[in-house]
Amino acid sequence: MRRGGRGGLELELRLDVPSDLAYVGEAVEVVARHCPSGLLSPRRVQFNLRTALAEALANAILYGNGADPAKQVHVRVEAARDALRLHVADEGDGFDPASSPDPTRRENLEREDGRGLFVMRHLVDQVSFNAKGNAVCLTFRAG
């Protein structure tokens with residue numbers, strides 16, 4: 001963990017999370033505890049951040065890494081004055097986020113896939129992926 005200075009960052013935190021769903025809750029709590037006070041409202045930390053990060057970690061573990069215990073999920077948290085960014089990267093082959101089905105469409109209501117991404121997009125200010133599709137950045141604007 002690093003505080004202050006570099007490129008306007010107030011905090012930079014890195015975690016490597018084993019590809020096991022049992023570690024999701026603990027990783028989410030570590031990030032929530034280190035979120036600088038005042039950057040996000042307590043409600044956004046309590047609900048939006050925790051839920052979106054848990055979804056991103058679960059997707060990375062299950063779909064990205066295939067729950068392979070030899071692989072890890074890499075988390076980087078960047079807190080600046082204007083935003084909090086959560087970067088979650090798996091060691092998998094990636095995917096095309098545009099191909100994720102819309103879970104609200106009638107023909108997809110019974111499908112399991114697509115729900116986590118849908119939830120993340122509605123809880124954070126911006127969701128972006130790297131070109132390979134194995135890393136997501138969740139951006140929360142300050143406030």
Side-chain angles (χ1 to χ4, degrees), residues 1-36 39-105 107-143:
M1 178 171 52
R2 183 184 312 172
R3 286 196 179 269
R6 199 184 124 228
L9 291 181
E10 298 292 317
L11 168 79
E12 183 177 16
L13 172 70
R14 293 176 185 265
L15 298 171
D16 289 329
V17 181
S19 287
D20 183 335
L21 291 176
Y23 291 95
V24 169
E26 185 178 343
V28 168
E29 288 309 310
V30 167
V31 171
R33 274 195 315 269
H34 286 91
C35 183
L39 182 62
L40 302 177
S41 71
R43 182 194 170 282
R44 288 183 78 199
V45 172
Q46 182 66 30
F47 182 75
N48 296 51
L49 181 142
R50 281 183 166 93
T51 304
L53 180 55
E55 285 292 339
L57 286 167
N59 285 347
I61 290 167
L62 294 175
Y63 302 114
N65 287 348
D68 181 345
K71 295 180 180 180
Q72 293 188 324
V73 176
H74 310 285
V75 179
R76 188 175 84 244
V77 180
E78 297 175 339
R81 287 184 177 90
D82 64 338
L84 178 74
R85 288 178 183 80
L86 308 176
H87 303 270
V88 178
D90 60 61
E91 296 177 357
D93 296 329
F95 82 113
D96 176 8
S99 69
S100 184
D102 178 351
T104 64
R105 294 190 56 149
E107 65 271 17
N108 297 329
L109 292 177
E110 299 296 321
R111 293 180 67 160
E112 294 290 323
D113 55 336
R115 297 182 193 286
L117 184 53
F118 176 83
V119 167
M120 286 187 285
R121 286 182 170 147
H122 285 81
L123 292 177
V124 305
D125 295 308
Q126 181 180 358
V127 177
S128 58
F129 291 87
N130 67 353
K132 184 178 176 181
N134 73 327
V136 64
C137 177
L138 308 175
T139 302
F140 294 86
R141 285 191 273 291

Could you walk me through whether Arg50 and Val45 pass the side chain to side chain contact (heavy atoms under 4.5 Å, CB included) check?
CA-CA 6 Å; Arg50 281 183 166 93; Val45 172; 4.0 Å; yes
Is there a side chain to side chain contact (heavy atoms under 4.5 Å, CB included) between Arg43 and Asn48 once you walk through the steps?
CA-CA 7 Å; Arg43 182 194 170 282; Asn48 296 51; 3.3 Å; yes
Does Leu123 form a side chain to side chain contact (heavy atoms under 4.5 Å, CB included) with Phe140? I'd like the steps, not just the answer.
CA-CA 9 Å; Leu123 292 177; Phe140 294 86; 5.6 Å; no
Before giving the answer on side chain to side chain contact (heavy atoms under 4.5 Å, CB included), spell out for Asp125 and Arg44 the whole-Å C-alpha distance, their side-chain angles and the decisive distance to 0.1 Å.
CA-CA 11 Å; Asp125 295 308; Arg44 288 183 78 199; 2.9 Å; yes
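Taking all atoms of both residues into account, the shortest heavy-atom contact from Val127 to Phe129 is CG1-CE1, 3.8 Å. Here the shortest heavy-atom pairing between Leu39 and Arg81 reads CD1-O, 3.6 Å. The two residues Ser19 and Asp68 make their nearest non-hydrogen contact at CB-O, 3.2 Å. What you find for Val124 and Ala52 is that their closest heavy atoms are CG1-CB, 3.8 Å. In plain terms, the two heavy atoms of Ala27 and Val17 that are nearest each other are CB-CG2, 3.8 Å. Here the shortest heavy-atom pairing between Pro36 and Leu11 reads CD-CD2, 4.0 Å.
More than 12 heavy atoms of other residues, nucleotides or ligands lie within 6.0 Å of CZ in Phe95, so this atom counts as buried by the packing criterion.
The CG atom of Leu138 sits 7.0 Å away from the CG atom of Leu53 when rounded to the nearest 0.5 Å. The CG atom of Asp93 lies 6.0 Å from the NZ atom of Lys132; values are rounded to the nearest 0.5 Å. Taking OG of Ser128 as the reference point, atom CZ of Arg85 lies at 9.0 Å (rounded to 0.5 Å). Atom-to-atom distance recorded for Leu40:CG and Arg141:CZ is 11.5 Å, nearest 0.5 angstrom. With values rounded to the nearest 0.5 angstrom, Leu86 atom CG is found 5.0 Å from Leu49 atom CG. Distance check: Leu84 CG to His34 NE2 gives 13.0 Å after rounding to the nearest 0.5 Å.
For the pair Val88/Glu55, no side-chain contact is recorded, criterion being any heavy-atom separation below 4.5 Å from C-beta on. Side chains of Arg14 and His74 form no contact here, defined as non-hydrogen atoms less than 4.5 Å apart.
Between Leu57 and the options Leu15, Asp90, Val28, Val31, a side chain to side chain contact (heavy atoms under 4.5 Å, CB included) holds for only Val28.
Looking only at distances, a side-chain donor or acceptor of Asn130 sits under 3.5 Å from a matching main-chain atom of Asn134.
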